[in-house]
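Some notes on the structure that comes next.
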Amino acid sequence: MISQDLGFGVRFALASLATWRMTHLLAEEDGPADAVARVRARLGDGQAGALIDCFQCTSVWVAAPLSATVVRRRRHAPVAWLALSGAACLLERLTHDGD
C-alpha cells in the first residue's frame, strides 16, 4: 500500500520528472496533433514565443507551480522552484543526444 504522505525525496523526484516532461513537451516537441507546434507558431518570435523557445527558460516557468507539491511550508517554495528547474535541466543534458 502506498503511503498517503509521500516523503520529500519522492515528491521531489516526481515533481522533477514532471517538470522535465512538461518542459520537453513545450520546448522540444510538436505535441499531439501538432497542438504545441501551433501554439508556438502563434506566439511567434516575440517575448511570449521566447518563453517556450528555450528549454532552460521554459523549465523555470513549468517548475513554479510544481514547487508547491514538493514543500510543506510556502517559504521553502522558491528554493524548490529553482531546484526543480535545475533538476529538469540536468535531466535534459543527460538525455540529450547531442545532435
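Note that this is a predicted model, so its numbers are computed, not measured.
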For the residue pair [X] and [Y], what are the closest heavy atoms and their distance?
X: Val36; Y: Leu26; value: CG1-O, 3.8 Å
X: Gly31; Y: Leu25; value: CA-CD1, 3.8 Å
X: Leu91; Y: Leu17; value: CD1-CD2, 4.1 Å
X: Ser85; Y: Gln56; value: OG-O, 4.2 Å
X: Ser59; Y: Ala88; value: CB-CB, 4.2 Å
X: Glu28; Y: Phe55; value: OE2-CB, 3.9 Å

Result of checking Thr69, Leu6, Val70 against Leu14 for side chain to side chain contact (heavy atoms under 4.5 Å, CB included): Leu6
From CA spacing to verdict: side chain to side chain contact (heavy atoms under 4.5 Å, CB included), Thr23, Trp61: CA-CA 9 Å; Thr23 302; Trp61 304 116; over 6 Å; no
Contact check, side chains of Thr58 and His24, non-hydrogen atoms, under 4.5 Å: no
Honestly curious: do [X] and [Y] fall in one hydrophobic cluster under the side-chain, below-4.5 Å linking rule?
X: Leu84; Y: Phe8; answer: yes
X: Leu66; Y: Val60; answer: no
X: Phe12; Y: Trp20; answer: no

Thr19 side, atom OG1; Glu92 side, atom CD - distance, nearest 0.5 Å: 13.0 Å
Donor-acceptor under 3.5 Å (Arg38 side chain, Ala33 main chain): yes
Test side-chain hydrogen bond (donor to acceptor under 3.5 Å, both in side chains) applied to Arg21 - qualifying residues, sequence neighbours left out: Glu29
